[in-house]
2 protein chains.
Amino acid sequence: MSIQSPIPVRDVSFRGLRQSCSNCSLRELCLPIGLNQDELRQLDTIIAQGRPVKRGEALYRAGEPFRSLYAVRLGFFKASVISEDGREQVTGFHMTGELLGMDAISTDFHTCDAIALEDSEVCELPFADIETLARDVPALQHHLYKVMSREIVRDHGVMLLLGNMKAEERLAAFLLNLSQRFAVRGYSSSSFHLRMTREEIGSYLGLKLETVSRTLSKFQDQGYIKVQNRLIELVDVDSLKRLLNSCQG
Amino acid sequence: MSIQSPIPVRDVSFRGLRQSCSNCSLRELCLPIGLNQDELRQLDTIIAQGRPVKRGEALYRAGEPFRSLYAVRLGFFKASVISEDGREQVTGFHMTGELLGMDAISTDFHTCDAIALEDSEVCELPFADIETLARDVPALQHHLYKVMSREIVRDHGVMLLLGNMKAEERLAAFLLNLSQRFAVRGYSSSSFHLRMTREEIGSYLGLKLETVSRTLSKFQDQGYIKVQNRLIELVDVDSLKRLLNSCQG
DNA sequence: ATCCGAACTTGACCTGAATCAATTAAAATG
DNA sequence: CATTTTAATTGATTCAGGTCAAGTTCGGAT
């Protein structure tokens with residue numbers, strides 16, 4: 001658990017294959033380097049064309065049978081578990097190049113909802129086909145294990161956050177994590193638009209929406225950030241990092 | 001997320017191969033049915049003989065290079081991340097038949113410590129070998145994906161617990177989860193020995209040890225359980241379940 | 001543009017769990 | 001067996017964040 005990245009960045013390795021890929025961001029971000037031409041072609045035959053998902057729509061819902069993983073090609077998703085009494089636990093936010101649906105392999109049913117927070121597009125990856133191909137392509141097999149492992153590590157980071165951190169630390173960790181993930185994708189790391197509500201942030205961080213709002217205001221008063229509705233500008237990143245250092249070295 | 005199992009039980013499927021396995025509990029609990037004689041033999045050549053780990057010893061520590069997964073053959077482990085200022089976040093407790101170390105695949109380094117909470121024994125599973133074998137044995141390949149997926153689902157359950165539940169609900173969920181996992185292994189579900197300290201329980205549940213202690217006492221006063229140091233007897237399971245129902249249906 | 005509902009902010013107050021502190025009980029150790 | 005150390009309980013107090021409530025702003029629809 002590094003200082004800069006309490007919530008580990010995920011699925012951002014193995015970029016640089018843009019040139020060989022027209023129909024899907026999958027290879028840019030999610031698939032291992034080291035596939036040859038033929039293997040790439042095989043992969044192409046498996047991957048369904050991009051599927052649009054409108055803002056507010058579900059890519060899948062808990063309880064639905066599992067067929068495919070999805071790679072976010074464009075846009076922004078939240079994944080969440082809803083308890084029967086209506087409370088929501090957001091388990092993650094997912095942006096371009098990240099993989100959704102790995103929790104479903106376990107039972108062959110999806111265990112959470114994936115909702116688009118803006119108009120998005122995904123690549124569907126039929127898991128059975130991917131698995132079959134992985135048998136012949138060790139690099140692919142290994143990379144799938146890696147991506148799943150990374151998800152586990154990320155989840156452990158969230159547990160640390162939920163179990164040990166105070167509200168300010170959680171928010172700082174959250175903002176820095178988003179910042180870093182935008183940066184990796186070539187967007188500004190110091191200025192970005194939150195796609196989710198305060199309530200969704202709160203759900204993810206184990207806080208109430210009022211606390212999220214108050215803490216953002218506090219950060220603004222202290223000159224750490226500027227908040228304009230959902231537009232966030234990180235003014236003093238070092239101070240945000242210092243907030244974290246005190247708690248996780 | 002079912003009522004009975006807010007923290008999903010893990011790695012307990014695929015039992016019943018006991019007869020064909022002498023050196024390792026791995027196959028009983030972790031490996032898929034449907035391997036033929038030859039495949040089983042191949043697996044045997046990969047799996048190192050049981051390795052004992054004394055109470056208090058580390059099976060591995062964060063930062064160590066990753067070579068193998070470990071199946072708990074006997075005993076009890078905690079897995080935890082330690083922050084630099086010394087605070088510990090327990091990410092899980094692991095008992096017979098469960099797999100440890102999957103978080104390390106991601107970076108080829110272990111990201112957490114695995115400490116034996118009682119004298120234990122593990123089977124070492126060199127990951128490179130397992131992966132190679134998995135290529136020829138689709139059932140094994142699939143099962144590994146499944147086990148990792150199950151870990152992700154479990155982690156989401158813990159997030160729900162840490163993000164949404166009150167102290168009493170967390171403790172109830174914890175006790176019911178342990179109870180269920182002991183039951184699956186043929187031990188009493190109503191009476192069991194806690195292998196971990198109040199502090200370790202607290203770390204896992206995002207509570208302080210005093211709160212754990214107080215809440216256990218409260219449960220005892222209400223007649224839900226009997227506590228004798230680390231020996232727990234579940235007297236009124238339904239009431240414990242009711243505590244959870246109110247929060248997650 | 002104007003309206004309306006959803007999202008956000010801010011304040012006042014309350015409460016559940018943390019903290020601090022003092023015993024007590026139970027394991028380890030010689 | 002006695003001694004030391006570690007773990008657990010319980011009480012008193014504090015405080016971070018939740019809850020309740022009132023107002024404001026924003027964004028989408030007409």
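As a basis for the values below, the full set of heavy atoms in this structure was taken, side chains included, without hydrogen atoms, waters or symmetry mates. A note on names: the letters A, B, ... follow the listed sequences, proteins ahead of strands, and every chain is numbered from 1.
- Ring to ring, Tyr204(B) and Phe93(B) are close: their centroids are under 6.0 angstrom apart.
- Between the side chains of Ser80(A) and Glu88(A), at least one donor N or O sits under 3.5 Å from an acceptor N or O.
- Remark: C1' of dG16(C) and CG of Asn164(B) are 16 Å apart, rounded to the nearest angstrom.
- The interatomic distance linking Glu169(A) (CD) with dA16(D) (C1') rounds to 12 Å, in whole Å.
- In this structure, Glu168(B) and Phe219(B) approach most closely via the heavy-atom pair O-CZ, 3.4 Å.
- Along DNA chain D, the nucleotide nearest Arg198(B) and the nucleotide nearest Lys166(A) are compared for position; the residue whose nucleotide lies closer to the 5' end is Arg198(B).
- Distance from the side chain of Ser213(B) is smallest for dT9(D) among the nucleotides dG18(D), dT9(D), dA8(D).
- Regarding contacts with the backbone of dT19(D), a side-chain N or O of Lys208(A) is found under 4.0 angstrom from either OP1 or OP2.
- Counting to the nearest Å, the P atom of dA26(C) and the CG atom of Leu194(B) are 15 Å from each other.
- For the pair Ser217(A) and dT10(C), the criterion of a side-chain N or O lying under 4.0 Å from OP1 or OP2 is met.
- Using a 4.0 Å cut-off, some side-chain N or O of Thr211(B) falls inside it from OP1 or OP2 of dA18(C).
- Dashed line: the shortest gap from a side-chain N or O of Asn229(A) to OP1 or OP2 of dG27(D) is under 4.0 Å.
- Remark: P of dA7(D) and CZ of Arg230(B) are 7 Å apart, rounded to the nearest angstrom.
- As judged by a 4.0 angstrom heavy-atom cut-off over every strand, Leu207(A) is placed among residues touching the sugar-phosphate backbone only.
- When distances are taken from the side chain of Arg214(B) to each of dA12(D), dA8(D), dG18(D), the shortest belongs to dA12(D).
- Taking both residues in full, the closest heavy atoms of Leu178(B) and Met196(B) are given as CD1-CE, 4.4 Å, listed atom of the first, atom of the second, then distance.
- Backbone-only contact: Gly206(A) has heavy atoms under 4.0 Å from sugar-phosphate atoms and none from a base.
- When heavy atoms are screened at a 4.0 angstrom cut-off, Arg55(B) is found touching the sugar-phosphate backbone but no base atom.
- Taking atom CG on Leu209(A) and atom C1' on dC20(D), their separation rounds to 12 Å, with Å as the unit.
- Distance Glu199(B) CD to dT6(D) C1': 11 Å, rounded to the nearest Å.
- Aromatic ring orientation, Tyr187(A) versus Phe182(A): perpendicular (interplanar angle above 60°, classes split at 30° and 60°).
- Rounded to whole Å, the distance from CD on Glu210(B) to P on dA7(D) is 14 Å.
- Atom CG of Leu162(B) is separated from atom P of dA17(C) by 13 Å (rounded to the nearest Å).
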